[in-house]
Every structure is written in C-alpha cells, then in structure tokens.
Protein chains: 2
Amino acid sequence: MDGGTEGPTKKRRTSWKKDPEAVKENILTIATQEFAAHGLSGANINEIARNTSTSKRMIYYYFGDKEGLYQAVLERVYSTLRENEDRLKVENLGPVEGLALLVRATFEAHAATPLFIRLVMIENIHNADYLRRSDIIPRLNRSIIDKLADVCARGKVAGLFRDSADPLELHWMISAPSFYNVSNRATFSTSFGEALFTPERQERLKEHVIDMILGAVVIGYEPGGAMRSDAR
Amino acid sequence: MDGGTEGPTKKRRTSWKKDPEAVKENILTIATQEFAAHGLSGANINEIARNTSTSKRMIYYYFGDKEGLYQAVLERVYSTLRENEDRLKVENLGPVEGLALLVRATFEAHAATPLFIRLVMIENIHNADYLRRSDIIPRLNRSIIDKLADVCARGKVAGLFRDSADPLELHWMISAPSFYNVSNRATFSTSFGEALFTPERQERLKEHVIDMILGAVVIGYEPGGAMRSDAR
DNA sequence: CTCTTTTTGTACCTATGGGTTAATTTGTCA
DNA sequence: TGACAAATTAACCCATAGGTACAAAAAGAG
C-alpha cells in the first residue's frame, strides 16, 4: 500500500476511517479502567494510550489533558448509572414492595459495578472537585430521590409508613451499606476474613439490609416481610 | 576539612540534637496528613519533607522508600484506632444498651477521624495490599468483634436478641453507615446538597442508625428504644 | 481536482519527584 | 581521647510521564 506515494523516509501507511466517536469511546473505556484501578494521579497516560487502538496524541486531541480525560470518564460513568436508575419501575408496586425493590436493586447494582464504585471512591478522595465542576452532573441523581419520594408519599397516605420517613435520608440509608459492601471489601476481608463475601452470605446480607430499612420505615414491620407477597 | 571551622565554601553549620523517635514521629504525623490528602501516588515526598522539621534524606533513612513510609503511616493509624476501641467498656451494660453504645460510639468515632477514613479509602483503592502485607495488623481489629460477640451472646441468653444475630454481620452493619457517612460526604453532598450534614441532621441520622441496628437484632424493638433507660 | 478542515503519527521536550552519594556532626564506650 | 556507630545534612542524579511541535494523510466542499 505505498505505491503511488512511496514514502521514502516516512512510512505513513495506515489508512484510517473517520470515526471520532468510536475513537473517543475506545479511549474512555480504557481510561475508565485505568483510572478506576490506579486513581487520578496513579493512572498513566502512556499506559492508557498503549491499551487503546489509537495513540497518546489523540487523547490530548480529544480531551485536552489528564484531568479533562478523568472528568470525561467520571461524567460518562455517572450517566450510565442514571440510565440504570431510570429503568427501575416502581410506580405500580405497593409502597412496601416498591421500597424493598429499590433497596434490593441498589444493593445488586452496586455489587455489579465495582468500577463505578472505585471511581466514586476516588472522586471522594478528591473532595468531589471534578464532580462539582461538571455542569451535567449535579442534577443527575435526581431520579432516585423522586422515586423514593413517590414511594414514601404513597406509604404515608396508606398509613403504612412512619411520618418520620424521609426520601433523602432513606437514600442515604440504602446507599451506605450497598456502597460500603463493595468499597471496603478489601480491608474488611483482610481484617475479618472473606466469610461475608460468599454468594450465600451476600444474599443474606442483602435481605438483612432490606429488613433493616423496611423496619425503620414500615409501621409494625417484622423481618422477612419483604418476601411475602401481601406486604402489609 | 577546611581549617577548624570557618567554612568558606561549605556552610555546614546547623547544630542538631539526636532524637530519632521524635524525628520519626514528626515524619509520620506529616506523612499521615499528606497521604490522607492525596493518596499514595498523589503524595509528594518533597512536600512531606518540607513540612517536617527534618529533611527528605531522613525519610529515606528511617522508612526506606515511599511505600515503606505509607505502610508505617497505615500501621500507626490502625493502631490508634484499636486503642480507641479498647477503651470502650461494654461488659457491665445490658445487651441492648451495650449494643446501642457500640453503634453510637462507632458512628461518632468515624465522624471524628476523617483522616483515618481517608487512609482506609486509599488502602481499599490499593486492594488492601499494604494492610495484608503488614504482620501486626491482621489481628488488630479483633477486639471489636469480641465485644460484639459478648453482647450478642448475652442478648440471646436473656431472650432479648434474635437467634439470627451474628457478631461479624453486626459489625458490618454498624461500620457501613458510619463509614459511608464520612467517606462519601463529598459526592453525596455535591449530588444532593448539604442537608444531611448539619449537626442536627447528623444527630438524627445517628439515632436512626441505632434504631435500624437494634430493630434488626432486638426482638420486638421499637424506634427510640435505645433512649429509654429500661431497655426491654 | 484543488483547498480547507479534521484526524492521526512520530519524535521530541522537560519539569517533576523518587531516590542516592558522600560528607559531617553527635554521642558513646574502650 | 580517639575510634566507631548512629544521626543528619546538602547536593546531586536521572527515569518517568505529562505534554507539545510538526507535519502528513484522509475526508469533505465546491
């Protein structure tokens, strides 16, 4: 493929297609892994470049600098999260089952996306500076609160939930164990062993979390109640 | 070597005292802050040196390399934590009050030591590699489990606690919200506002956590029960 | 088929920062 | 009191990795 031009010294002979979006996607995918694995300062741009199908030059072309790339990764990952949340349909469930579903889904979603968890951990190490700087993100996590507010309101109207139930607090209570379960697995299991991280124990933990949350919110709730079809 | 004193070219003239322990302590204190602030790769040895009352060379003299220093910091911080745990006396309290006290103390201890939290976050980013490598640490966190086991056993004997209550799970349930409350404050408040982080809301959150835990463990428990002096 | 714009590759620059060399002071103990 | 070890200092080294300069090749417009 060098007939016609015959680069004598230089061998510019690659024939690429114009597909900036695919190139960006590719970079972001690799960068996500690298940042999640090593953090912002720990990540290595040369290493990222080596794992992409393009070159270091393109990273700087599209994302400006390391921080720009990190920010793009962060935003993409948060967006994905939001999409997952939006998929959850809870409106046509009873308040108790609805809440139980939200807890269960949150716990499972966290367990299924350790990469996301790691990026959030890293962002917290940076005091959420990049998240704060982003203009698309502050409103992202709105939908989960809306869902909780809906369930909460319906639960109170039906006389099933305590008056003290608060959507934001509830989100905090649901996120905390779900997040910690993944984020602190390494130090926890190093200190106390792997016992809690077998599939069976994880199932149990999940049900306990559901019971705890429902116990705090549902009047007269008793453990195991989330399993019953008539969740009174 | 240039004539008694009188350094014409070199000015080695500082006069220092020998106090290795104090120097090490000083280095560790500064290094703890730096590592907690920026992580292992983000921390800068020159910066640490600049903030100590000694020199960069001494850091390498006492701790070998950056990782050695990080490990020393980690171990010291875990040791401090253990000492705090040991101070908690729970044996002469009833099971319910005892458990409530453990939850309250854990929540407050986490809130009071953000530096420790950050180091644990960072260590989790590194998959607990340095914690695992340390020989003094794996047995460190034993005492808190022992305390929980004691409370648990007494609660069961008294017929107050559910049979399902498990010390390790309990520790997980107590740590999760206590840790998350500090570790994820930055992203949480960026996403949802600072509402939950005022002193009053933190108090409320703490009581809710206590209620959740006790609700999961104590038979027939009802919210606010931890406050009553006769914790039946 | 030019001309412009976008996309890409290669080679290079250079500040940063982890780590080292070698000398110098202080204390100690025969 | 002088050698020896421990503690400390100042100055230096240099690999790494973030970032850039330059220019070529492809695509699109007209």
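Convention: sequence-line order gives letters A, B, ...; per-chain numbering from 1.
- Of the residues in residues 59-67 of chain A, those placing a heavy atom less than 4.0 Å from an atom of DNA chain D are A:Tyr60, A:Asp65, A:Lys66, in numerical order.
- For the pair B:Asn26 CG and D:dT8 P, the interatomic distance rounds to 11 Å; values are reported in whole Å.
- For the segment residues 38-55 of chain A, residues with any heavy atom less than 4.0 angstrom from an atom of DNA chain D are, sorted by number, A:Ala43, A:Asn44, A:Ile45, A:Asn46.
- Applying the salt bridge (charged side-chain N to carboxylate O under 4.0 Å, His left out) test to pairs two or more places apart or on separate chains, those with a residue in residues 181-195 of chain B are B:Arg185-B:Glu194.
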Side chain to side chain contact (heavy atoms under 4.5 Å, CB included) between B:Ser41 and A:His38, worked out: CA-CA 9 Å; B:Ser41 47; A:His38 307 296; over 6 Å; no
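- In this structure, CZ of B:Arg57 is placed 14 Å from P of C:dA23, rounded to the nearest angstrom.
- For residues 120-130 of chain A, the salt bridge (charged side-chain N to carboxylate O under 4.0 Å, His left out) pairs, not counting sequence neighbours, are A:Asp129-A:Arg132.
- Residue pairs meeting the ring pair (Phe, Tyr, Trp, His ring centres under 6.0 Å) criterion with at least one partner in residues 54-75 of chain A, sequence neighbours excluded, are A:Phe35-A:Tyr70, A:Tyr70-A:Tyr130.
- Every side chain to side chain contact (heavy atoms under 4.5 Å, CB included) that A:Thr106 has, sequence neighbours left out, goes to A:His110, A:Ile174, A:Ser178.
- Residue pairs meeting the salt bridge (charged side-chain N to carboxylate O under 4.0 Å, His left out) criterion with at least one member in residues 63-76 of chain B, sequence neighbours excluded: B:Glu25-B:Arg76.
- Between B:Lys56 and A:Lys56, the one whose closest nucleotide on DNA chain D sits nearer the 5' end is B:Lys56.
- Per the geometry, NZ belonging to B:Lys24 stands 13 Å off P belonging to D:dA6, to the nearest Å.
- Distance, A:Met58 CE to C:dT7 P: 7 Å, rounded to whole Å.
- Identified under the salt bridge (charged side-chain N to carboxylate O under 4.0 Å, His left out) test for residues 48-62 of chain B, with sequence neighbours left out: B:Glu47-B:Arg50.
- Rounded to whole angstrom, the span from the OH atom of A:Tyr70 across to the C1' atom of D:dA17 amounts to 19 Å.
- A search for side chain to side chain contact (heavy atoms under 4.5 Å, CB included) contacts involving B:Ile125 returns A:Arg118, A:Met121, A:Ile122, not counting sequence neighbours.
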